[in-house]
Amino acid sequence: MKVVTVVGARPQFIKSAPVSRALQSVGYQEFVIHTGQHYDPEMSTVFFEEMSLPKPYAILNCGNLSRDAMLSKMKTDLKPIFEAIQPDMALVYGDTNSTLAGARMAQECNVPLIHVEAGLRSYNLEMPEEHNRIESDQLSKWLFTPTSQASENLKKEGFSDNAITQVGDVMLDALQMFRSKAAHTLKMGPHSFFNKPFALVTMHRFENISQPERLGFLVREINSFHRNVMPVWMPLHPATAVRLEEFGLKLEVKIAPPVGYLEMLWALQQTTLVLTDSGGLQKEAYYSDKPCVTLRGETEWIELIEMGASVLFDPNKTEKLIPTARGIISSFKPGSKDLYGAGRASQAIVAALG
Ligand code: UDP
């Protein structure tokens, strides 16, 4: 069985690690195509090395373009590769432009499509990710959902029950697979910084960084939290770094370059609190028994809010970050870990493919 996997962004490399191993274990032949959406070594190569991902069959050069230009270039570049491989199935993860480009190419080449992390909805159509999710789901033969809520979302949209399989979260599989290898490295800054309470912050979502007012508000709130509550450690996404420079905004916190997954897992083990607009990190905070402030007005991972593991901080409202963060630190109780399965999503996916 030949499977073409289209990946291109950091979270997809992480999600693919346990699934690639599961595919290999049952003898599937996987051809990984890296679109180059994320291309910096620290956003890409580090994950292939640390997680021993399969060497890509092809690496495209589709980074650093507007959404439309990126989708169009991915289409042009993916076509001959699909034609050369003649896969039996195509596999995509999550909600990025690479997800959608892979899904569209599968349809164009008549290749049955597998969507891992299907059914998630923020119901915010201003997010490009929401468009990517909805269309990728529509093009899929196999819809592997992480939660019952995601399965329900698909059923409400009229997807057939037969196409939907709730398998849990492949990111939990990854975390369980790699957490014993978590490690501090000097790239993160001195080890002594992490010995005292600190907050781990990441921020990169288009809706948070694309407007100077909204990014400026978030920068002021994070700086104030850093000065008045506890030091902030922030591995800075390259897209955020560009916008901060462009808008003349200054973070006064402890900045690091983007770090590898094993470093992130280590930071998660040490931190007091997570502040993030990342989908993946919201769940990793929960898996690591850490309270989380989600720097958005809504989330696809609604269960985390409902069970009190995370709280929303909507930058469109004039709330203050400090009371929101203090509130979740004091109310947080480490809960059961079974909201997103038991860390066997990859095996469930492979089993369902038959
Ligand atoms: N991550 C990482 N290094 C970093 C920041 C994040 O390894 O410097 C990991 C993080 O632990 C999670 C994933 O990247 O597993 C989340 O990716 P990202 O926030 O880019 O995307 P999202 O989850 O929002 O789609």
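Excluded from the calculations below are hydrogen atoms, water molecules and symmetry mates; all remaining heavy atoms, backbone and side chain alike, are included.
Hydrophobic cluster membership differs between L53 and V6, with clusters built from Ile, Leu, Val, Met, Phe, Trp and Tyr side chains linked at under 4.5 angstrom. One hydrophobic cluster, built from ILVMFWY side chains closer than 4.5 Å, cannot hold both F206 and L249; they sit in different ones. Both M51 and V350 are part of a single hydrophobic cluster, where members link through side-chain heavy atoms under 4.5 Å apart. Residues L120 and I114 are members of one and the same hydrophobic cluster, defined by side-chain heavy-atom contacts under 4.5 angstrom among Ile, Leu, Val, Met, Phe, Trp and Tyr. Note on L100: it does not cluster hydrophobically with M105, by side-chain heavy-atom contacts below 4.5 Å among ILVMFWY residues.
Between N208 and R296, the side chains place no donor N or O within less than 3.5 Å of an acceptor N or O (distance only, hydrogens not considered). Side chain to side chain, Q149 and N153 meet the donor-acceptor criterion of an N or O pair below 3.5 Å. One side chain, D173 or S346, offers a donor N or O that lies under 3.5 Å from an acceptor on the other. T299 and Q282 share a side-chain donor-acceptor pair at under 3.5 Å. Of the N and O atoms on the side chains of Y39 and N61, not one donor lies less than 3.5 Å from an acceptor on the other residue. Side-chain atoms of E303 and Y340 include a donor-acceptor pair closer than 3.5 Å. Using modelled atom types, one finds a donor on one side chain and an acceptor on the other under 3.5 Å when comparing S151 with T145. For the residue pair E298/S122, the side-chain donor-acceptor check at 3.5 Å is not satisfied.
W233 and H226 have their aromatic ring centers separated by at least 6.0 angstrom. The ring of F13 has its center closer than 6.0 angstrom to the ring center of H34. Checked against the 6.0 Å centroid threshold, H115 and F144 do not count as a close aromatic pair.
The 12-atom threshold is exceeded at CG of L125, counting heavy atoms of other residues, nucleotides or ligands nearer than 6.0 Å. The number of heavy-atom neighbours closer than 6.0 Å to CZ of F217, taken from other residues, nucleotides and ligands shown, is above 12. Within a 6.0 Å sphere centred on CD of E126, heavy atoms belonging to other residues, nucleotides or ligands number 12 at most. Applying the 6.0 Å contact sphere to CG of N316 captures more than 12 heavy atoms from other residues, nucleotides or ligands.
Between the Q37 side chain and the S98 main chain, a donor and an acceptor come within less than 3.5 Å of each other. Side-chain atoms of S52 do not come within 3.5 Å of backbone N or O of F48 as any donor-acceptor pair. Judged purely by atom type and a 3.5 angstrom limit, T271 has no side-chain atom pairing as donor or acceptor with the backbone of V274. Judged by distance alone, the side chain of Q270 and the main-chain N or O of F194 form no donor-acceptor pair under 3.5 Å. Within the 3.5 Å criterion, the main-chain N or O of H204 finds a donor-acceptor partner in the side chain of D277. Side-chain atoms of N223 come within 3.5 Å of backbone atoms of E252 as a donor-acceptor pair (strictly under, hydrogens ignored). Of the possible donor and acceptor atoms, one in the side chain of S331 sits under 3.5 Å from a partner among the backbone N and O of G327. Remark: side-chain polar atoms of K2 are paired, donor with acceptor, to backbone N or O of I85 under 3.5 angstrom. The main-chain N or O of P258 is found under 3.5 Å from a side-chain atom of K187 such that the two form a donor-acceptor pair. A donor-acceptor contact shorter than 3.5 Å links the side chain of S330 to the backbone of R326.
Going from atom CE of M203 over to atom OG of S278 covers 12.5 Å, rounded to the nearest 0.5 Å. Residue Y261 holds its OH atom at 6.0 Å from CD1 of I14, rounded to the nearest 0.5 Å. Annotation: the span from L236 atom CG to K254 atom NZ amounts to 13.5 Å, rounded to 0.5 Å. Remark: C292 SG to L281 CG distance equals 6.5 Å, nearest 0.5 Å. How far NE2 of H191 is from CG of N195: 6.0 Å, rounded to the nearest 0.5 Å. Distance check: T240 OG1 to L215 CG gives 7.5 Å after rounding to the nearest 0.5 Å.
A 4.5 Å side-chain heavy-atom check between E117 and D169 finds at least one atom pair inside the cut-off. Residues T99 and Y93 fail the side-chain proximity criterion, which asks for heavy atoms closer than 4.5 Å. By the 4.5 Å heavy-atom criterion applied to side chains, V232 and F198 are not counted as neighbours. Inter-residue side-chain proximity for R121 and I134 is flagged as met; some heavy-atom pair is nearer than 4.5 Å. Between M230 and F225, some side-chain heavy-atom pair lies under the 4.5 Å cut-off. Side-chain contact check for P323 versus K320: some heavy-atom pair is nearer than 4.5 Å. Residues F31 and P87 have side chains not in contact (no heavy-atom distance under 4.5 Å, counting atoms from C-beta outward). H184 has its side chain out of reach of E263: every pair of non-hydrogen atoms, C-beta onward, lies at least 4.5 Å apart.
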| request: Take W301 and Y286 through the test ring-ring contact (aromatic ring centres under 6.0 Å, His included) and record every step on the way to the result. | output: CA-CA 11 Å; W301 305 103; Y286 162 70; over 10 Å; no

| query | Hey, mind stepping through E129 and R205 against salt bridge (charged side-chain N to carboxylate O under 4.0 Å, His left out) and telling me if it holds? | reply | CA-CA 10 Å; E129 292 91 344; R205 252 188 220 281; 2.5 Å; yes

| task | Verify side-chain hydrogen bond (donor to acceptor under 3.5 Å, both in side chains) between Y28 and D88, making sure each step is shown before the conclusion. | result | CA-CA 10 Å; Y28 280 57; D88 301 295; over 6 Å; no

| request: Kindly indicate, with the supporting measurements, whether the criterion salt bridge (charged side-chain N to carboxylate O under 4.0 Å, His left out) is fulfilled by E284 and K290. | output: CA-CA 9 Å; E284 288 167 347; K290 303 298 162 120; over 6 Å; no

| field | Test salt bridge (charged side-chain N to carboxylate O under 4.0 Å, His left out) applied to E135 and R104, step by step | value | CA-CA 9 Å; E135 191 178 332; R104 286 182 177 168; 2.7 Å; yes

| Can you check side-chain hydrogen bond (donor to acceptor under 3.5 Å, both in side chains) on T276 and T202, steps first, answer last? | CA-CA 5 Å; T276 190; T202 77; 2.6 Å; yes

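Nearest heavy-atom pair, V201 versus M234, reported as atom, atom and distance to 0.1 Å: O-CG, 3.2 Å. For the residue pair G297 and D314, the shortest heavy atom distance occurs at CA-CG, 3.6 Å. In terms of heavy-atom proximity, D77 sits nearest to C62 at OD2-SG, 3.7 Å. Between A182 and W266, the shortest heavy-atom contact is CB-N, 3.6 Å. Nearest heavy-atom pair across V46 and G260 is CG2-CA, 3.9 Å. Scanning both residues, F332 and D289, for their nearest heavy atoms gives CE2-O, 3.4 Å.
When each of H38, R133, Q12 is tested with T96 by the rule side chain to side chain donor-acceptor pair (under 3.5 Å), just one qualifies, namely Q12. Looking at V293, L304, T294 one by one, the single match for side-chain contact (heavy atoms from CB on, under 4.5 Å) with V311 turns out to be V293.
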